[in-house]
Amino acid sequence: MDYNHRSIEQKWQKFWAENQTFKTAESTDKPKYYVLDMFPYPSGAGLHVGHPLGYIASDIFSRYKRLKGFNVLHPMGYDSFGLPAEQYAIQTGQHPAITTEVNINRYREQLDNIGFSYDWSREVRTSNPDYYRWTQWIFMQLFNSWYNKDADKAESIDTLIDKFNSFGSQGINAESDEDVSVFFAADWKAFSEEEQQRELLKYRLAYLRESTVNWCAALGTVLANDEVINGVSERGGYPVEQKKMMQWSMRITAYADRLLSGLDSVDWPEPLVEMQRNWIGKSIGASVIFPLTPKGGIEVFTTRVDTLFGVSFVVLAPEHELVEALTTDEQRAAVESYIEKTAKKSELDRMADTKTVSGVFTGSYAKHPITGDDVQIWIADYVLAGYGTGAVMAVPSGDQRDYVFAKHFNLPIIPISDSQNIEEQADPNKDGKYINSDFINGMTYKEAVPALVAKLEELKLGKAKVNFRMRDAIFGRQRYWGEPVPVYFKSGIPYLIKEEELPLLLPEVDKYLPTETGEPPLGRAEGWKYQDQYEYELSTMPGWAGSSWYWFRYMDSQNQDIFASKEAVDYWKAVDLYIGGSEHATGHLLYSRFWNKVLKDLGFHQEEEPFKKLINQGMIQGRSNFVYRVLDDEGKGTNQFVSLGLKDQYNCIPLHVDVNIVYNDVLDTEKFKTFRPDFADAEFILENGKYICGTEVEKMSKSKFNVVNPDDIIETYGADTLRLYEMFLGPLEQAKPWNTNGIEGVYKFLRKVWRLFHDAEGNFNVSEEEPTKAEYKALHKIIKKVEDDIERFSFNTSVSAFMICVNELTELRCNKRQILQDLIIVLEPYAPHITEELWTLLGNEAGAISYATYPIFNPEYLVESEFAYPVSINGKMKMNLPLALDLDAKAVEEIVIGNTDVQRYLDGKAVKKLIFVKGKIINIVV
RNA sequence: GCCUAGGUGGUGGAACUGGUAGACACGCAGGACUUAAAAUCCUGUUCCCGUUAAGGGAGUGCGGGUUCGAUUCCCGCCCUAGGUACCA
């Protein structure tokens, strides 16, 4: 029988499922290894051929690690709360839970077709009450915690209450809201319950605060910044406005420093680390106050406090709260018109317009904090209200934007360093000694900064300060299909429900839209009250809630008493390898690290970082095909279609054509006639008897007819071919377009493997003879290559190496049992079905490859034979030396001189130097 | 602008710490088997010159440099992709 992928793959997928072959043991004496995929959102469209790329890579790695003797945890689940199911519910009335269930079943079917080695007994679904119960529980932990900066960790809110009871707010060093009160212990005890709770809320890691949010009226919900694109919603393109709302927030800024320093301890791709660093945006500097008369002052943040004496003016953001008060009557008209102009500019305009210098003088002056000189106060839109204090001190000699601004408005430019050259532009160097700088004149940068900070602190006009770009994360969504927040309100104060009342189930509603009064959809749930009287929180949690801790649940997914038992967490610790797309760099990956740290601080586990090694798989783009429809004189489409090479001779327009009826860019013209009814009588202008289609790389989407479903590939070529081919396509981390052009080669490879160990009649046929040296060499080459490749995630070159290996074995007509047995083990991670079949044909126990031992590479088999090897003379390739000459340096020199063949190349010149690489002469310098 | 990754045949890509550039695969061309097709196998395939050939020359985005030797290291520039943005 020839290689029949269909029956082989179905047989083994069934066997693995029935025998739970890949169920992970709870505990074992093997070392553990945790391989995790970013779990998918189960969308209605199903998987396309791009989705499994990362899953295949992680599956190869998992299977490889099992063979290497590790106890591997390799689970899968679904991030099943989300907007698409809710949108569908709004349109059709179908409950999102039903939609989600249907989609998950479809995903599962498609995943199973590919032959993954997931332990499905550990599956999680974030929308499942058994799961979101623990998401709610973690929310409670966050609510019940505060960040103690002295201990540099989160602690139970009870320790804060104890401090308030004993010392009041004295000596509390916490991450908190800006507006915390100052009180003594006696005051605290005298506070009403309501006052106490309001104060505590300012310290909690999950807290309620009025924040400006992106409100989308059409969707009736708040959107994250990255869900808003150019002022409209990413989904649907509805207008978005800024609105103040009471919102749940997460005090992620408390962890800014740890989130930053933790990046040094993880093995992540550099671009991704860089993205997180930028996102956190730490700047070390100082805050400085420029006093106003008669009282008050403008606080600015600067990273270059040493340039303080170069300040020639101060700039406020147009939205800054002091602008109104500082504007003099003469300047009022100009200032107001400027503010109005800025407000009209969209963010896009402001971005595009970085070249134009604009700003207005307010008419007022501040005092320089040290010299007391008058400093003009300006407003300009290059200063952002949302960053720092919304005000900057302008140092034209040291900052290019300030320089351009000063030139434009004829403001003074004061050089402050003897090493500055400010003829043409600002010079921010820190190398020289200061001039024009009062008491720091003659100092270096290193001396000046502490001196200035000390002086400012003495004057109470400034201090060293660290500023972060990152903001606290808003944690509420005005949506239905998310986790309910386990909170109710009494006198407007949020209280947690009791732990034993979890899960707080998502209530049924009649419609999935906001209420008539603008409340979130949960407001529609009839009689949904805590203890029949208190209003529940009506927002649900955002999409990232459930995904911020899911790797813990896989460790112990059935546990009813805790999110994961201590034993499970202590055993599995952190994820050793995490594979997913880079689009989650500043969302999921940051929030997950945050929750992980909180849970660590609260003593639930020991790991500071959740994902030790991370690989980003590149996106697989679509590769669209085009046909060219000839137009008539009036510009209307005819039923003639011209092949790519001839299209320039005609007036024609490109049309997307379904990539599934195109093979190697050659159109199947018969299938094309049934593609659309109006193509039924299509005529073709061919080249060389073929219709060649044009191509273009685009995103994979239905409307472009370039979606390739993995099921179709599997039907034609099988899952093993799909797995190998997706790896063969190129480096894992690189984005690449999908095309089926090379898949035949991979399919041929598998058939060759099959035929090598079957006779002409199709019967399994192995020889019991001892393999020859050449056969061992072919085998051990692949053992070494695959091991090296997998360890550095270079899967594509392994596939090539397999092909070479099998070509060599075919050449040698090698069907030896010993060779096959080891070849199966090495190939199994890539092509698990065909190897499982051959494994059992050899008489081994079914489903037991993962207990096999990975063959040990023996370098002796790879020792070069007596063949000649190349040597260059003066770096130019000249000749081959027989291996017999490969002796030590001295001997070679003698032989070289005496060898007539060599002498011919050397033109009688003396040998100056012999270059050796790995004990071999590689080059002769004459 | 800044950060990151990359630029190699008709195509996808290989070359791991500098050592015969183009592995492997697709495609293409020719051939074998076959009544024929499919399947399979063999040969060739970077470009240019050379009648096939022997042989020679150029060649890894561009221009320099280091080295006996550079796709690889260094400097400058161009282009592409992703991220980020008037961040003080």
Side-chain angles (χ1 to χ4, degrees), chain A residues 2 269-279 281-283 285 300-304 307 315 317 347 350-351 353-357 380-384 386-395 398-402 404-405 467-469 582-583 585-586 616 618-619 621 623 664-666 688 695 697 725 728-731 733-746 748-749 751-752 755 785 788-789 791-792 794 796-805 807 810 869-880 912-918 920-926:
Chain A
D2 206 8
E270 193 49 38
L272 201 105
V273 170
E274 207 52 40
M275 262 189 252
Q276 288 215 346
R277 284 210 184 98
N278 287 339
W279 187 264
K282 182 179 186 172
S283 2
V300 303
F301 175 75
T302 177
T303 53
R304 291 295 303 273
T307 63
V315 191
E347 227 166 274
R350 248 167 118 161
M351 251 161 62
D353 201 18
T354 55
K355 294 262 149 54
T356 323
V357 181
D381 63 6
Y382 80 84
V383 178
L384 306 173
Y387 181 75
T389 60
V392 302
M393 60 180 220
V395 184
D399 182 285
Q400 186 57 25
R401 283 162 309 175
D402 297 344
V404 172
F405 197 84
N467 204 39
F468 291 98
R469 200 181 79 101
S582 60
E583 66 272 21
T586 51
N616 287 131
M619 212 214 310
Q621 296 138 310
R623 187 175 185 277
N664 290 328
D665 296 335
V666 175
N688 303 327
T695 63
V697 174
Y725 186 60
F728 181 71
L729 213 47
E733 307 201 49
Q734 189 178 301
K736 57 226 157 204
W738 174 263
N739 72 78
T740 328
N741 290 356
I743 201 164
E744 288 282 351
V746 172
K748 268 186 216 166
F749 157 73
R751 280 189 305 206
K752 273 187 201 171
R755 277 206 313 271
K785 176 72 176 159
D788 289 353
D789 282 352
E791 295 286 353
R792 61 194 173 98
S794 174
N796 54 328
T797 51
S798 286
V799 181
S800 295
F802 277 122
M803 293 179 181
I804 296 169
C805 174
N807 284 343
T810 306
Y869 73 98
V871 171
S872 62
I873 295 167
N874 287 341
K876 290 259 178 194
M877 283 322 299
K878 282 287 188 187
M879 60 178 184
N880 289 319
K912 281 187 195 153
K913 203 168 144 194
L914 295 168
I915 316 282
F916 288 83
V917 171
K918 290 173 193 163
K920 240 193 225 178
I921 319 170
I922 272 295
N923 187 38
I924 300 171
V925 184
V926 295

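Residue numbers begin at 1 in each chain, while the letters A, B, ... track the order of the sequences.
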Return the nearest nucleotide to the side chain of A:Ser283; candidates are B:rA88, B:rA15, B:rC24. B:rA88
Got a sec, which residues hit side chain to side chain contact (heavy atoms under 4.5 Å, CB included) with A:Pro271, two or more places apart in sequence or on another chain? A:Pro269
Going 5' to 3' along nucleotides 37-45 of chain B, which nucleotides have protein heavy atoms under 4.0 Å from the base (write B), which only from the sugar-phosphate (write S), and which from neither (write -)? --SSS----
With sequence neighbours excluded, tell me which residues meet salt bridge (charged side-chain N to carboxylate O under 4.0 Å, His left out) with A:Lys282. A:Asp257
For B:rG82, which nucleotide is its Watson-Crick or G-U wobble mate, given both distances must be under 3.5 Å? B:rC3
With sequence neighbours left out, the residues meeting side chain to side chain contact (heavy atoms under 4.5 Å, CB included) with A:Ala585 are A:Leu272, A:Met275
Among B:rC24, B:rG13, B:rC86, which nucleotide has an atom closest to any side-chain atom of A:Pro731? B:rG13
Identity of whatever pairs with B:rU43 - Watson-Crick or G-U, under 3.5 angstrom: B:rA29
Report all interatomic pairs (protein N or O, nucleotide N or O of nucleotides 1-7 of chain B) with separations under 3.5 Å.
none

Can you tell me how far P of B:rC86 sits from CG of A:Asp381, to the nearest Å? 10 Å
Would you mind telling me which of B:rA25, B:rA88, B:rA14 lies closest to the side-chain atoms of A:Met803? B:rA25
Side-chain contact check for A:Asn741: nearest option of B:rA88, B:rC24, B:rC26 is B:rC26
Sort out the partner of B:rC62 for me: Watson-Crick or G-U wobble, both distances under 3.5 Å, none otherwise. B:rG76
Partners meeting side chain to side chain contact (heavy atoms under 4.5 Å, CB included) with A:Asp399 (sequence neighbours left out): A:Arg401, A:Asp402
With no angle test and no hydrogens, is the base of B:rC24 tied to the side chain of A:Asn796 by a donor-acceptor pair under 3.5 Å? no
So, does A:Tyr387 use its side chain to make a donor-acceptor pair with the main chain of A:Arg469 at under 3.5 Å? no
Paired nucleotide for B:rA53 [Watson-Crick or G-U wobble; both distances under 3.5 Å]: none
